[in-house]
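We number each residue from 1, following the sequence as shown.
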Amino acid sequence: MTAFSLTEDQIAIRDMAQGFAAETLAPHAVRWDEEKHFPVEEMRQAAALGMGGIYIRDDVGGSGLSRLDAAVIFEALSTGCPTVAAYISIHNMCAWMIDRYGSEEQRHKFLPKLCSMEHLASYCLTEPGAGSDAAALKTKAVLDGDHYVLDGQKQFISGAGVSDIYVVMVRTGEAGPSGISTIVVEKGTPGLSFGANEKKMGWNAQPTRAVIFENCRVPVANRIGPEGIGFKIAMAGLDGGRLNIGACSIGGAQGALDKALGYAQERKAFGARIADFQALQFKLADMATELEAARTFLWRAAAALDEKTPDASKLCAMAKRVATDTGFEVANQALQIHGGYGYLADYGIEKIVRDLRVHQILEGTNEVMRMIVARSLVGRAKGN
Ligand SMILES: Cc1cc2nc3c(=O)[nH]c(=O)nc-3n(C[C@H](O)[C@H](O)[C@H](O)COP(=O)(O)OP(=O)(O)OC[C@H]3O[C@@H](n4cnc5c(N)ncnc54)[C@H](O)[C@@H]3O)c2cc1C
């Protein structure tokens, strides 16, 4: 691979994902947002095309592709609906955590149904009192014979209530990151319940709910890796997750830019097409340029993660911030180009703006991305 052009295979994968997004997601995206509909059947169709386990090994049904391939796929999917693409990205992140750190038995137990999306997965790290400072999490898992007993609450969990598999970061030891382990909790386990579906600004085509554990007994056999490496697993998952969410921002923004280009060439004001005004042309030129710069940087970070370079985590944090900030700004400018019509739901632009806003907050806020980069420059500050 080169970081600056796609191979023929990557172009074919992109075209496949873009075709799927245009035919299966885009026509329904505004309605799904309005109706808060989580399109599980359509996601299973995406999985049938290999998008349920993109960078999962193929012996358990994965596609065995690279992080760069995944970035290309998530950008393409998001041109149809960033919310659905972003949920598929979280699902892929959870599956990868099991693929990378799970035993052979766990891989064969959980991954075939995750790759086909017969089962959906949720990533459970955030708690009411532990967001950016995730290592302060308090959900307890106490060993009792061959089970852990879980008590605590996870907050803002994407897919919660519908997902079959919950990849949960719990405290099994001392305070801080080294006391955290990762446990898979299966839907239907007694003591597992969910809060109400949150009312949100965007991302309405997927549920966001609290996940509650009350005396919830989970077999020790469901622990992923040894005790004490759960925080490492969670952060490793997020390296790829951040690339994917950045790609979702770029794809959503590209969709908005394409709509704005079309609109600017049709809409007339002062006796001319608005696309004929140089102020607007320069705005469009800047939007396309910023987006291309973000995309190129994201691909560079994805290539670094594929090659496991020592600076890969830092590059993923940098690229997440740039891609999600740029994506939001470009989508917002696309709304501006639509004038008052951009503010109306039917045009599909305001939905993209609402959807992309949260990418600046989740999978680590963009302030946390700056913290990660700053630590690599000046070391860890006191209290961080
Ligand atoms: C729609 C949605 C879906 C989500 N899905 C999931 C999911 O599936 N799984 C999951 O585990 N979590 C999920 N999250 C949670 C998300 O990851 C957190 O909201 C995010 O990490 C921020 O945590 P917080 O909301 O507690 O904010 P806080 O950590 O309380 O931060 C508040 C503000 O302070 C800033 N801040 C905090 N510390 C510092 C610092 N040291 N320096 C400078 N600024 C700082 C933050 O950047 C932010 O602006 C989701 C959130 C939303 C909104």
Side-chain angles (χ1 to χ4, degrees), residues 13-14 16-29 32 36-67 69-100 102 106-124 157-168 184-188 194 197 203-209 211 222 224 237 240-241 243-245 247-248 251 363:
I13 291 169
R14 181 196 62 196
M16 175 275 296
Q18 204 139 22
F20 177 82
E23 276 171 32
T24 312
L25 303 182
H28 312 291
W32 290 341
K36 299 189 174 31
H37 173 70
F38 192 34
V40 174
E41 277 317 310
E42 285 78 3
M43 292 194 294
R44 289 189 179 134
Q45 290 172 30
L49 296 170
M51 294 185 268
I54 297 169
Y55 40 89
I56 306 302
R57 283 172 274 171
D58 59 9
D59 63 321
V60 287
S63 299
L65 297 175
S66 70
R67 302 309 183 120
D69 298 328
V72 169
I73 288 172
F74 286 116
E75 177 181 340
L77 275 181
S78 291
T79 58
C81 178
T83 302
V84 175
Y87 174 75
I88 297 175
S89 108
I90 293 171
H91 171 90
N92 270 269
M93 171 168 68
C94 293
W96 177 82
M97 290 158 73
I98 297 172
D99 191 33
R100 169 66 183 80
Q106 290 168 331
R107 292 181 65 247
H108 283 91
K109 178 175 177 192
F110 295 121
L111 290 174
K113 285 187 176 171
L114 288 177
C115 290
S116 65
M117 295 189 88
E118 185 182 339
H119 281 176
L120 304 182
S122 287
Y123 176 91
C124 305
I157 303 307
S158 304
V162 179
S163 285
D164 306 271
I165 297 291
Y166 295 84
V167 180
V168 189
V184 171
V185 182
E186 294 165 75
K187 191 175 182 180
F194 307 100
N197 191 8
W203 266 35
N204 287 317
Q206 53 162 304
T208 306
R209 298 170 69 175
V211 175
N222 280 16
I224 304 295
L243 293 175
N244 297 344
I245 217 74
C248 289
E363 308 224 349

Pairwise side-chain contact, [X] with [Y], heavy-atom cut-off 4.5 Å (strictly under):
X      : Y      : result
Asn204 : Thr83  : no
Val184 : Val168 : no
Met51  : Leu77  : yes
Met16  : Leu49  : yes
Ser122 : Val211 : no
Ile224 : Met97  : no
Gln206 : Lys36  : no
Leu65  : Ile73  : yes

With distance as the sole test, does [X] use its side chain to make a donor-acceptor pair with the main-chain N or O of [Y] at under 3.5 Å?
X      : Y      : result
Asn92  : Ile54  : yes
Asn197 : Thr208 : yes
Arg44  : Met117 : yes
Ser116 : Glu118 : yes
His91  : Leu114 : yes
Ser163 : Ala160 : no

Which atom of [X] lies closest to which atom of [Y], heavy atoms considered:
X      : Y      : answer
Tyr166 : Gly159 : OH-O, 4.2 Å
Ser78  : Ala85  : OG-CB, 3.2 Å
Cys115 : Gly61  : CB-O, 3.5 Å
Ala71  : Ala247 : O-CB, 3.3 Å
Phe38  : Ala205 : CD1-O, 3.1 Å
Ala21  : Ala76  : CB-O, 3.5 Å

*Does the side chain of Asp69 come under 3.5 Å of the side chain of Ser66 through a donor N or O and an acceptor N or O?*
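Their side chains do contain a donor-acceptor pair, which is all the 3.5 Å distance test asks for.
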*asked:* Side chains of Asn222 and Glu186 only: does a donor on one sit below 3.5 Å from an acceptor on the other?
replied: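 Yes, because at least one side-chain N or O of Asn222 sits under 3.5 Å from a partner of the opposite role on Glu186.
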*Relative to each other, are the rings of Trp32 and His37 parallel, tilted or perpendicular (30° and 60° limits)?*
tilted
Point-to-point distance, once rounded to the nearest 0.5 Å, from [atom1] of [X] to [atom2] of [Y]:
X      : Y      : atom1 : atom2 : value
Glu41  : Thr24  : CD    : OG1   : 12.0 Å
Ile90  : Ser158 : CD1   : OG    : 3.5 Å
Ile245 : Glu363 : CD1   : CD    : 4.5 Å

*For Asp99, enumerate each residue passing the salt bridge (Lys or Arg N to Asp or Glu O under 4.0 Å) test, keeping only those at least two apart in sequence or located in another chain.*
Arg57, Arg107
*asked:* Checking Phe74 now: which residues fulfil ring-ring contact (aromatic ring centres under 6.0 Å, His included) with it, not counting sequence neighbours?
replied: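 Applying ring-ring contact (aromatic ring centres under 6.0 Å, His included) to Phe74 gives none.
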*Among Gln106, His108, Lys113, which one satisfies side-chain contact (heavy atoms from CB on, under 4.5 Å) with Phe110?*
Gln106
*Stepwise side chain to side chain contact (heavy atoms under 4.5 Å, CB included) test for Trp203 and Tyr87*: CA-CA 9 Å; Trp203 266 35; Tyr87 174 75; over 6 Å; no
*Test side chain to side chain contact (heavy atoms under 4.5 Å, CB included) on Phe20 and Leu25 and set out the steps.*
CA-CA 7 Å; Phe20 177 82; Leu25 303 182; 4.0 Å; yes
_Quick one, Trp96 with Arg67, criterion side chain to side chain contact (heavy atoms under 4.5 Å, CB included). Give me CA distance, side-chain angles, the key distance, then yes/no._
CA-CA 11 Å; Trp96 177 82; Arg67 302 309 183 120; 3.1 Å; yes
_As a quick check of understanding, evaluate side chain to side chain contact (heavy atoms under 4.5 Å, CB included) for Val84 and Met43, giving each step before the final call._
CA-CA 8 Å; Val84 175; Met43 292 194 294; 3.8 Å; yes
